[in-house]
Amino acid sequence: MRAAVISGLAGAEAFLSAGGPWWFGFHQAPAGLAESVLSGDENRYLRFFRGTGSRAGVPEDLAQHVVRAYTGRDSLRAACEHCRAMPANAQWNRSWAEHGRLTMPVTAVDASTVGDAPARQLTLIADHLDEHLLPHSGHLVPVDAPADLAAIVAATAARATSARA
């Protein structure tokens, strides 16, 4: 789980006013450019990339696991496909949000990297929104605020269970 805005939904304009993060464009580059540039230097890039997403720092065992998981052109391609799908996902999200509603309990976990942008986005489409701002957390919420996140997930599950009863 990471703190992030939802592609295509209104409410994140202030966060996106200077454009998206630089790596969106890099990872979206056509013809496998990112994979070509990064192949063979995954360790350096992934440690830099993950390090900037965490305020607490990524533990060494987790860093090693991430590097193993994303080493090689096919693994890098799969990782970049998330960013390459963002324009199509944004279009689908906008289209759905025109008439759709989230009627189940929804929880927004906001962090210092995105502020309350996810909650602002979800407020427009969620009937039962519970917002949690973790200002001491960066993009990688499970790394920076594991106890807070665990409590939020447990509370969300309890809320969903009581809503069904």
Side-chain angles (χ1 to χ4, degrees), residues 1-28 34 38 42-71 75-76 78-87 89-90 92-94 96-97 102 104-163:
M1 194 248 148
R2 57 183 199 235
V5 298
I6 304 166
S7 297
L9 292 187
E13 294 80 10
F15 174 77
L16 296 171
S17 65
W22 64 268
W23 58 86
F24 285 7
F26 177 59
H27 293 169
Q28 289 174 345
L38 298 173
E42 295 92 342
N43 184 53
R44 181 174 166 218
Y45 179 71
L46 291 166
R47 285 175 182 273
F48 164 80
F49 191 65
R50 291 294 170 221
T52 62
S54 170
R55 290 192 171 217
V58 177
E60 182 58 26
D61 61 331
L62 179 57
Q64 289 176 14
H65 179 75
V66 169
V67 169
R68 280 192 306 273
Y70 290 108
T71 294
S75 296
L76 289 168
C80 291
E81 288 301 322
H82 167 73
C83 288
R84 291 183 185 131
M86 284 180 169
N89 289 343
W92 188 92
N93 289 341
R94 274 191 300 274
W96 180 87
L102 298 172
M104 75 292 267
V106 175
T107 299
V109 178
D110 305 327
S112 64
T113 50
V114 294
D116 66 348
R120 284 196 319 267
Q121 290 181 296
L122 289 167
T123 296
L124 302 172
I125 60 170
D127 293 340
H128 309 283
L129 179 65
D130 188 23
E131 176 187 4
H132 298 270
L133 179 59
L134 303 176
H136 56 282
S137 178
H139 185 58
L140 303 176
V141 177
V143 171
D144 289 342
D148 291 335
L149 182 59
I152 292 166
V153 169
T156 299
R159 193 165 59 108
T161 302
S162 67

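Every heavy atom of this structure was used, including side-chain atoms; hydrogens, water molecules and symmetry mates were not.
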Participant: Starting at CG of L76, measure out to CD of E81 and round the result to the nearest 0.5 Å.
Facilitator: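 Output value for this atom pair is 11.5 Å.
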
Participant: Work out which heavy atom in A111 is nearest to a heavy atom in V141; give both atom names and the distance.
Facilitator: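 For A111 and V141, the tightest heavy-atom pair comes out as CB-CG2, 4.3 Å.
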
Participant: When you measure from the side chain of R159 to the backbone N and O of V106, does any donor-acceptor pair fall under 3.5 Å?
Facilitator: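 Yes, because the side chain of R159 sits within donor-acceptor range (under 3.5 Å) of the backbone of V106.
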
Participant: Under a 4.5 Å cut-off applied to non-hydrogen side-chain atoms, are D148 and H136 in contact?
Facilitator: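 Heavy-atom side-chain distance check passes, below 4.5 Å.
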
Participant: Which atoms form the tightest heavy-atom contact between P135 and S112, and what is the distance?
Facilitator: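 Minimum heavy-atom separation between P135 and S112: O-CB, 3.3 Å.
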
Participant: Can you tell me how far OH of Y70 sits from NE2 of H65, rounded to the nearest 0.5 angstrom?
Facilitator: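 Here the rounded value is 8.5 Å.
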
Participant: If I compare all heavy atoms of S54 with all of L140, which pair ends up nearest, and what's the gap?
Facilitator: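 S54 and L140 have their closest heavy atoms at CB-CD1, 4.1 Å.
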
Participant: With sequence neighbours excluded, what pairs up with R120 under the salt bridge (Lys or Arg N to Asp or Glu O under 4.0 Å) test?
Facilitator: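 If we apply the salt bridge (Lys or Arg N to Asp or Glu O under 4.0 Å) test to R120, skipping adjacent residues, the hits are D116.
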
Participant: Closer than 3.5 angstrom, by distance alone: can the side chain of Q121 be matched with the main-chain N or O of G11 as a donor-acceptor pair?
Facilitator: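 Looks like no, no N/O pair under 3.5 Å.
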
Participant: Does N93 reach the main-chain N or O of L9 with its side chain, forming a donor-acceptor pair under 3.5 Å?
Facilitator: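 No; judged by distance alone, with no hydrogens or angles, the pair does not exist.
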
Participant: Could you give the distance from CG (L134) to CZ (R55), rounded to the nearest 0.5 Å?
Facilitator: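 Output value for this atom pair is 11.0 Å.
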
Participant: Quick one: CZ on F49 to CG on L38, what's the gap to the nearest 0.5 Å?
Facilitator: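 The distance works out to 10.0 Å.
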
Participant: Heavy atoms only: give me the nearest C83-Q28 pair and the separation to one decimal.
Facilitator: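 Nearest pair, atom of C83 first, then Q28: O-NE2, 2.7 Å.
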
Participant: Is it true that D130 and H128 share a donor-acceptor pair across their side chains at a distance under 3.5 Å?
Facilitator: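 The criterion, which ignores hydrogens and geometry beyond distance, is not satisfied for D130 and H128.
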
Participant: Hey, can you tell me if Y45 and W22 have their rings parallel, tilted or perpendicular (30° and 60° cut-offs)?
Facilitator: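 Ring orientation of Y45 relative to W22: perpendicular.
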
Participant: Could you pull out the closest heavy-atom pair between G115 and P118, with the gap in Å?
Facilitator: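 Looking at all heavy atoms of both residues, the closest pair is O-CD, 3.8 Å.
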
Participant: If I take atom CG from residue L149 and atom OG from residue S137, how far apart are they, to the nearest 0.5 angstrom?
Facilitator: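 These two atoms lie 8.5 Å from each other.
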
Participant: Is there a side-chain contact between V143 and P59 (heavy atoms, below 4.5 Å)?
Facilitator: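 Heavy-atom side-chain distance check passes, below 4.5 Å.
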
Participant: Heavy atoms, side chains only, cut-off 4.5 Å: are R50 and L62 in contact?
Facilitator: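 When only atoms from C-beta onward are counted, L62 and R50 do not touch, as no gap falls below 4.5 Å.
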
Participant: Is there a side-chain contact between E42 and S75, using heavy atoms and a 4.5 Å cut-off?
Facilitator: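 No. Closest side-chain heavy atoms not under 4.5 Å.
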
Participant: Kindly compute the distance separating OG1 (T107) from NE2 (H132), expressed to the nearest 0.5 Å.
Facilitator: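 Between T107 OG1 and H132 NE2, I get 5.5 Å after rounding to 0.5 Å.
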
Participant: So, for L122 and A108, which heavy atoms are closest and what is the spacing to 0.1 Å?
Facilitator: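 Taking every non-hydrogen atom into account, CD1-CB, 3.8 Å.
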
Participant: May I ask you to test the L102-W96 pair for a side-chain heavy-atom distance under 4.5 Å?
Facilitator: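 With C-beta onward as the side chain, the pair touches.
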
